[in-house]
> 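If you scroll down you'll find the structure; I have some questions about it.
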Amino acid sequence: MKENKTNRTKMKMKVVAGTQETEGIEECKAPLMLTIDETAKKAHLSSYTVRSWVKSGMVRSVKIGHKYLVPWNVFCGFLCGECYEGERR
């Protein structure tokens, strides 16, 4: 029996800068996550400084295995003086 193509639901997907955009669904972009060394290099700071900020909780990060990943947009906000809800002023 021949399958009717008009009865099948087709989803059109296109790749946009590492994310997937689906017709009818809003696009959700994942933040750029960097290791401590990558964050330090990109910000022109020492790894020791960034590591101490992460370990003290001043900069929000995610620990995966033995590595800490720092969201770049959060780190930039921290450098501009923004804080997040877990941080004291």
Side-chain angles (χ1 to χ4, degrees):
M1 192 186 260
K2 205 173 195 181
E3 188 177 336
N4 189 353
K5 289 185 181 181
T6 58
N7 290 337
R8 283 193 305 186
T9 304
K10 292 184 181 179
M11 293 182 77
K12 296 179 183 175
M13 300 186 79
K14 99 179 168 183
V15 177
V16 181
T19 62
Q20 292 183 347
E21 186 178 292
T22 307
E23 204 172 278
I25 299 175
E26 286 186 34
E27 181 180 344
C28 180
K29 293 184 180 177
L32 176 62
M33 303 292 282
L34 303 172
T35 64
I36 289 176
D37 290 335
E38 292 169 339
T39 303
K41 187 174 181 178
K42 191 166 182 167
H44 301 287
L45 296 169
S46 73
S47 296
Y48 179 82
T49 301
V50 176
R51 188 174 292 104
S52 64
W53 288 343
V54 167
K55 293 271 188 163
S56 69
M58 292 175 64
V59 174
R60 195 171 14 167
S61 64
V62 178
K63 186 175 181 183
I64 300 178
H66 296 288
K67 289 189 177 192
Y68 286 92
L69 296 179
V70 181
W72 178 246
N73 58 341
V74 171
F75 187 77
C76 290
F78 168 75
L79 292 179
C80 293
E82 297 172 12
C83 65
Y84 69 98
E85 56 197 47
E87 182 184 348
R88 293 186 206 155
R89 278 212 165 203

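Here, residue 1 is the first one in the sequence, and each next residue gets the next number.
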> Can you find a heavy atom in the side chain of Ile64 that is under 4.5 Å from one in the side chain of Met33?
no

> Would you compute the distance between atom OG of Ser47 and atom CD1 of Ile36 and round it to the nearest 0.5 angstrom?
8.0 Å

> Tell me, which pairs form a salt bridge (charged side-chain N to carboxylate O under 4.0 Å, His left out) where one or both residues lie in residues 72-81, sequence neighbours left out?
none

> With a cut-off of 3.5 Å and sequence neighbours excluded, list every side-chain donor-acceptor pair involving residues 66-77.
none

> Please output the side-chain donor-acceptor pairs of residues 51-58 that fall under 3.5 Å, not counting sequence neighbours, one pair per line with the distance.
residue	atom	partner	partner atom	Å
Ser52	OG	Tyr48	O	3.3
Ser52	OG	Thr49	O	2.8
Ser56	OG	Ser52	O	3.0
Ser56	OG	Trp53	O	3.1

